[in-house]
Each structure stands twice: as C-alpha cells, then as structure tokens.
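Structure record follows, encoded as structure tokens.
Chain naming here is simple, since letters A, B, ... match the order of the sequence lines and numbering starts at 1 in each.
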Amino acid sequence: MSQYRTHTCGQLRKSEVGQTVKLSGWIHSVRDHGGVIFIDLRDHYGLTQVVIDPERDFYQALERWRVETVVSFAGKVVARAEGTINPKLATGEVEVVAEAMEVLGEAEVMPFQIAKDDAAPEATRLKYRFLDLRRERLHKNIVLRSQVIAEMRRYMIAQGFHEFQTPILTASSPEGARDYLVPSRLHPGKFYALPQAPQQFKQLLMVAGFDRYFQVAPCFRDEDARADRSPGEFYQLDVEMSFVDQDELFAIIEGLFEAVFSKFTAKKFTKPPFPRIPYRDAMRRFGSDKPDLRNPLEMVDVSSIFDGCGFQAFAGCVANGGAIRAIKVPQVAGKPRKFFDDMIKFAQENGAKGMAYIVWTGTETKSPIVKFLTPEIVDRLKTTCQAADGDAVFFLADEVKLVQKIGGAVIPELGRQLGLIDPNDFKFCWIVDFPMFETDDETGEITFSHNPFSMPQGGMDVLLNSDPLDILAYQYDIVCNGIELSSGAIRNHRPDIMYKAFEIAGYDASVVDDKFGGMINAFKHGAPPHGGIAPGVDRTVMLLADEPNIREVIAFPFNQQAQDLMMNAPAEVTPKQLRELHLQVVLPRKEQANKTQ
RNA sequence: GGGGGAGUAGCUCAAUUGGUUAGAGUACCACCCUGUCACGGUGGAUGUUGCGGGUUCGAGUCCCGUCUCUCUCGCCA
C-alpha cells in the first residue's frame with residue numbers, strides 16, 4: 001500500500017466497517033453544516049463521503065475547502081445510520097470519519113464546474129481539457145475508448161492477426177487528402193509527410209508474406225473538420241489480409257463489430273451478415289452512400305409515370321433526361337400546411353427548384369399538382385409508392401445527380417422531424433460495388449472515382465473490353481446509422497492491371513512508376529491477392545458513447561481550426577529552428593497585416 | 001473558400017417598441033447551521049454586453065465592419 005491510500009474512493013463497503021483507512025482524491029463537493037462537514041472525495045474509481053468534525057486541528061488549519069483540491073484523509077470506516085444511506089453511491093452504505101488530513105495539491109477556482117455536467121464554452125473546455133476530462137461524461141468516454149481498443153486488439157489477435165508499427169515519418173503521397181509535411185534538416189528542401197493512412201506499408205507487409213495485419217494506426221490529414229471528422233489526426237483500426245475475397249473479409253469485420261457492440265452497448269444492433277447495398281442502389285434509394293437504415297424513408301423512381309403527363313414541369317424534366325423521385329412519408333396527412341411548406345423550403349435551401357407533394361387523407365387528395373394529372377396517373381403513383389390513406393408522397397424533379405443530392409438531404413430531415421429514427425438501434429450495412437471510374441465534372445475526363453489501388457471486378461478483361469464508366473471495383477464502405485466507419489477494398493495486386501487502370505485514367509506507366517514505384521516494384525516480385533479495411537476508432541467509440549461530436553471521445557482533440565488550445569499548437573518556432581531546417585516563412589498578406597498591427 | 005447559428009458576470013441565461021444604476025441561478029468570498037449527499041440560510045463582491053465604427057437626446061437592443069466559437073457545403077481516394 002502506498003503512503004497515499006489504503007483503498008480507492010470507489011472501494012469501501014460494509015465489510016470494511018471498523019477499519020482505519022486512508023483515501024486520496026479530489027474534493028468533489030463540500031456540505032458544511034456548522035457542527036459537521038461532509039465531503040465527497042472523488043478519484044477515478046468513485047466517490048466516498050468523508051465526515052469531518054470542525055473542531056479537528058486539521059480542519060482549523062486549512063484556510064478554505066475549495067472543490068477540486070487534492071487531499072488525503074485517514075480515518076475510520078463507519079456504517080451509515082438507517083436513513084442516511086445514499087443508494088446513489090456504490091460506497092453509500094459507509095462513510096469515513098476523518099482523523100487526519102493532508103493537502104496534496106491545491107486548486108484555484110475552476111473555470112467551470114466539475115461535479116456537474118454543465119454546458120461550458122467549447123474553447124474553455126478545450127483550454128482546460130484536463131478539467132473537462134475529470135468530469136464524469138468525458139472520463140467515461142475515454143475509458144470506454146480504451147476498452148473498445150482493447151477489445152478490438154483481442155479480437156484481431158484471436159483471428160490470427162499480428163499488430164505492426166509502420167512509419168510516422170514517411171513520403172508524401174500524391175493521392176487523397178492534403179499531407180502534413182515535416183521538413184528535413186539533413187536534406188535541405190526535402191520533406192517527410194505524416195501518413196494519411198499506412199496504406200502502402202500494409203500492402204507491402206502482405207507482399208512480405210505476413211498474411212494478416214492490423215494496427216491501431218494514427219492517421220494525419222490536413223483537411224477541414226466536421227462533427228464526425230477530427231481535423232488533423234485520427235485513429236483507425238487498420239486491417240489487411242492476404243488470399244482473401246470480399247465475403248471473407250466482410251465476415252471478419254462483421255465479427256469484429258459484433259464482438260465490440262455486444263460488449264459495449266445494451267442497444268439493438270444488426271447481427272451478421274450485414275445488408276449489402278450496391279453503391280448505385282444506395283444513391284438511387286437514399287441519395288447517399290452512407291444511408292441511415294434506421295430511417296425507413298427512401299426514394300422511388302416515378303419518372304416513367306410522369307413521362308408525357310399534363311404537368312409540364314415534370315414531363316419536361318423527364319423529356320430532358322432528368323429524373324423524378326418520390327418519397328413516401330407515412331401518416332402525415334394531419335400535419336399542418338406549415339409542415340409541407342417548411343419541407344419545401346428545406347428542399348429549396350438544398351438546391352431544389354421546388355418540391356411537389358400529394359396527400360391522401362382518405363376522403364380527398366390534397367396536392368398543388370394533382371389538377372394537372374389524370375386520375376389514372378394519381379392512382380399509379382399511389383400504387384407504385386405503396387401509399388396508404390393518411391400518407392403523403394413528396395416529389396423531386398431535376399437532373400439525376402441533383403435529385404439524389406436533394407433527396408439525400410430531405411430524407412434525413414424528414415426522419416428527424418417525424419421521429420422515425422430509433423435512437424436505441426445500430427443499423428449496419430455494407431455499400432458495395434463502387435464504380436471504378438467516373439467523369440470529372442469540370443474537365444469531362446475519366447478519373448478514378450475512389451481508390452486507384454482497388455481491383456476492378458472482372459480484372460484485366462473488363463479494363464480492355466468494357467466502357468470504363470460501367471466498371472465496378474471491389475471497393476466497399478461499412479456504414480452504421482448514417483456514419484461511414486470505413487472504406488476498404490480488395491486491392492489490385494497485378495502490375496499489368498494497375499498500369500492499364502491508370503492508363504484509362506490518363507496516366508502513362510512512367511507516372512505510375514514515379515509515384516507508386518515502391519509498391520509496383522514489390523508487386524513485380526510475387527504479390528498475393530489481398531484486401532483490407534480501416535474502421536475509424538473515434539467514430540466507433542462516438543457511436544457507442546452516443547456522442548454527437550467526435551471531440552467528446554478524444555482525450556486531447558483539436559478545435560475546428562485544427563488548434564490545440566491547451567498546448568498552443570500550432571505555434572511559431574524560433575529563427576534558429578527555421579535556419580536549421582532551411583525554411584523561410586512567407587506569410588499571406590492578410591496574416592502579415594494582422595501581425596504588424 | 002462559401003453559407004447558417006451563436007457571442008451579456010468564471011459558467012448557464014434574462015433584460016418589453018431603442019429609455020432609470022444591465023438582473024437571476026450557479027460558482028466565488030464572509031458569517032450562521034450536527035446528518036447532508038444538487039444541503040439549507042443571511043450578506044457581499046463580480047460586467048470594456050467579443051472588438052471597432054456609425055445612427056440617435058439616449059444602443060446589450062438598430063446599421064456597417066471585424067474577430068472568435070460552432071454546424072455545414074466545398075474538401076476528406
């Protein structure tokens with residue numbers, strides 16, 4: 001036993017009554033009754049009530065009893081009298097009568113309260129992150145994170161995977177996000193880059209014959225933040241397997257999430273196998289490649305029904321190659337007019353020219369457009385959308401891409417407003433069959449739509465003989481409740497297929513050799529078929545902790561501007577450091593002006 | 001880079017159409033209180049209303065600019 005404690009603050013029970021103990025922790029709260037003082041003493045393990053007689057010397061000696069001061073108490077454990085037991089505390093049947101006290105760490109006044117889960121400004125919380133982490137909510141989240149990672153490791157190792165460390169200082173990769181660069185002192189003018197992901201290294205480990213790789217891998221991307229996307233750095237469970245096909249890999253990952261979610265949530269969750277939705281179906285039905293399957297709403301194509309109809313706006317849209325999609329919304333006929341107007345406004349804010357609707361009340365058909373349509377068309381719409389009396393159907397008409405984008409915004413909004421999304425459910429799915437290529441909106445040229453290193457379905461044959469835009473890749477995402485947990489792919493391990501794929505995207509062999517020489521060279525020396533995935537650790541914990549923002553599950557997160565307000569990063573460095581690195585700082589005009597002010 | 005929201009005491013918020021000395025709860029300080037566990041009671045201290053400018057007899061409130069935080073589109077294979 002250390003000099004500081006015989007027990008933790010979460011440990012004492014009736015069985016310890018009569019013992020002399022020593023506890024150390026933070027003063028969580030003080031209740032001073034004049035003749036008796038109660039202190040809740042808190043540590044990582046819990047709270048214990050300490051009772052102090054104000055006549056004690058040590059009480060007189062301490063000038064003030066400020067919360068969050070770190071103290072230790074020695075004293076006797078006593079059973080609490082009937083009626084003074086606190087059932088809310090695990091230690092609530094006993095209390096410690098203090099006989100001695102020592103102040104171990106004094107505390108200034110707190111910038112926000114620790115004992116309560118009060119709201120506090122994000123900037124203050126981040127500046128005093130060590131205090132925020134003392135509070136129950138964040139403290140629990142970070143412990144959960146540790147346990148989730150431990151369970152992930154346990155599962156992966158049980159499945160025969162080995163964990164590897166890959167370099168943090170590596171080469172800038174030309175694809176993907178912006179790199180964080182690290183200047184080289186020994187090589188003037190040259191830079192390392194922090195890895196966006198250990199992508200090439202894990203593939204090289206497959207070429208090296210390690211068969212099953214994983215790593216709880218830090219990844220660095222210099223891109224802007226979102227509520228579910230940490231700027232700067234994040235962690236993923238990086239996985240790669242050899243001699244594997246898509247189905248086998250899915251089974252491993254489904255098992256991973258089953259292991260983690262069955263351990264860390266009491267909520268419902270999808271049991272393997274998870275549904276698989278082809279990318280094009282997902283876009284057509286949900287307008288999104290990360291649909292929230294808890295939301296029952298989806299789009300139905302009704303273009304053919306409106307083709308040549310009396311409503312010129314829709315007929316014209318179909319004639320021009322556009323699409324008309326219907327969203328059936330159950331049992332909203334009783335909603336006030338404002339509900340429909342607000343939804344139309346919302347659609348317009350998201351790029352729609354307008355949004356039509358039909359409501360079947362049971363006795364009538366309410367709609368701004370029904371007067372332009374024959375009763376037969378209205379009936380066909382009702383049948384096609386499987387609408388019942390009391391239901392409404394919204395219609396979006398525009399170019400296919402735009403309709404899908406607007407639908408992708410409207411569907412979640414309707415789900416939220418109508419309470420269609422069960423907060424006590426996790427719904428997983430795979431999005432599969434991503435297209436290998438797409439046309440660039442600006443240039444019209446063919447480019448890789450996702451990962452240039454994924455294997456085209458059909459291999460060399462399809463590259464040679466198919467329309468590139470029809471080629472699908474063994475490229476997949478795993479999605480839970482509308483959050484993309486990971487992308488992954490069965491990789492292209494064949495140099496000949498790699499060169500051909502890049503050729504279709506407009507790069508000749510020398511470019512491939514130049515940019516990805518290391519990996520291509522490895523593939524020329526006997527590469528096994530392999531594939532992988534990299535589920536986000538932060539996002540997984542965020543789901544399990546039921547937190548709306550990823551910062552709540554990261555011990556020391558950046559703010560949205562990628563700053564660490566506690567450590568003051570990023571910061572300027574000394575001229576000497578810059579000289580050693582052969583760097584000169586040239587500020588943009590705006591910052592220059594700010595600095596000279 | 002674009003768009004939305006927010007900014008009043010350490011914190012959470014209030015302050016009628018522009019009108020007296022900007023209030024309340026909490027935290028903080030002092031005192032009272034022997035069974036509380038969100039203890040209670042009395043009193044006290046605490047404000048560049050983010051910052052700058054403008055309109056006005058008068059601005060927390062209206063206008064312009066700017067900064068900060070946040071959500072989002074772009075971006076993130």
Note to self: Regarding A/Arg125, tell me which of base, sugar-phosphate or nothing describes its non-hydrogen contacts under 4.0 Å with the strands shown.
What the structure shows: nothing

Check: Taking only N and O in the side chain of A/Arg31, is any of them less than 4.0 Å away from OP1 or OP2 of B/U36?
Finding: no

Check: Does B/C76 have OP1 or OP2 sitting under 4.0 Å from an N or O in the side chain of A/Gln196?
Finding: no

Item checked: Side-chain N or O of A/Asn559 closer than 4.0 Å to phosphate OP1/OP2 of B/C69 -> yes

Next item on the list: May I ask you to say what A/Gln563 touches in the nucleic acid, namely base, sugar-phosphate or nothing, with a heavy-atom cut-off under 4.0 Å?
Entry: sugar-phosphate

Distances under 3.5 Å between nitrogen or oxygen atoms of protein and nucleotides 9-12 of chain B:
{"unit_1": "B/G10", "atom_1": "O2'", "unit_2": "A/Pro111", "atom_2": "O", "d": "2.7"}
{"unit_1": "B/C11", "atom_1": "O2'", "unit_2": "A/Ala119", "atom_2": "O", "d": "3.0"}

Checklist line | Member of A/Phe502, A/Phe434, A/Phe453 meeting the ring pair (Phe, Tyr, Trp, His ring centres under 6.0 Å) criterion with A/Phe448 | finding: A/Phe502

Next item on the list: Report which part of the nucleic acid A/Arg226 touches: base, sugar-phosphate, or nothing (heavy-atom distance under 4.0 Å, all strands).
Entry: base

Next item on the list: Would you mind classifying the nucleic acid contact of A/Phe38 as base, sugar-phosphate or nothing, using non-hydrogen atoms under 4.0 angstrom?
Entry: base

Item checked: Under 4.0 angstrom between A/Gln561 side-chain N/O and B/U70 OP1 or OP2 -> yes

Next item on the list: Between A/Glu223 and A/Ala227, just flag the one whose closest nucleotide in RNA chain B comes earlier from the 5' side.
Entry: A/Ala227

Item checked: A/Gln199 (side chain) and B/A77 (base): donor-acceptor pair under 3.5 Å -> yes

Next item on the list: Evaluate the side-chain contact (heavy atoms from CB on, under 4.5 Å) criterion for residues A/Phe38 and A/His33: first the C-alpha distance (whole Å), next the side-chain angles of each, then the deciding distance (0.1 Å), finally the verdict.
Entry: CA-CA 8 Å; A/Phe38 300 102; A/His33 289 253; 3.7 Å; yes

Margin query: Run A/Asp238 and A/Lys202 through salt bridge (Lys or Arg N to Asp or Glu O under 4.0 Å) and show every step you take.
Written below: CA-CA 8 Å; A/Asp238 202 38; A/Lys202 67 175 176 176; 2.8 Å; yes

Check: Taking side chain as C-beta onward, heavy atoms only, is A/Gln563 less than 4.5 Å from A/Pro570?
Finding: yes

Note to self: Quick check, does A/His33 stack with B/U36? I mean ring centres under 5.5 Å and planes off by under 30°.
What the structure shows: no

Next item on the list: Would you mind classifying the nucleic acid contact of A/Ser449 as base, sugar-phosphate or nothing, using non-hydrogen atoms under 4.0 angstrom?
Entry: sugar-phosphate

Notebook entry, point to check: Reckon A/Asp32 touches a base, only the sugar-phosphate, or nothing at all at heavy-atom distances under 4.0 Å?
Noted result: base

Next item on the list: Compare side-chain N and O positions of A/Arg229 against OP1 and OP2 of B/G74 and report whether any pair is under 4.0 Å apart.
Entry: no

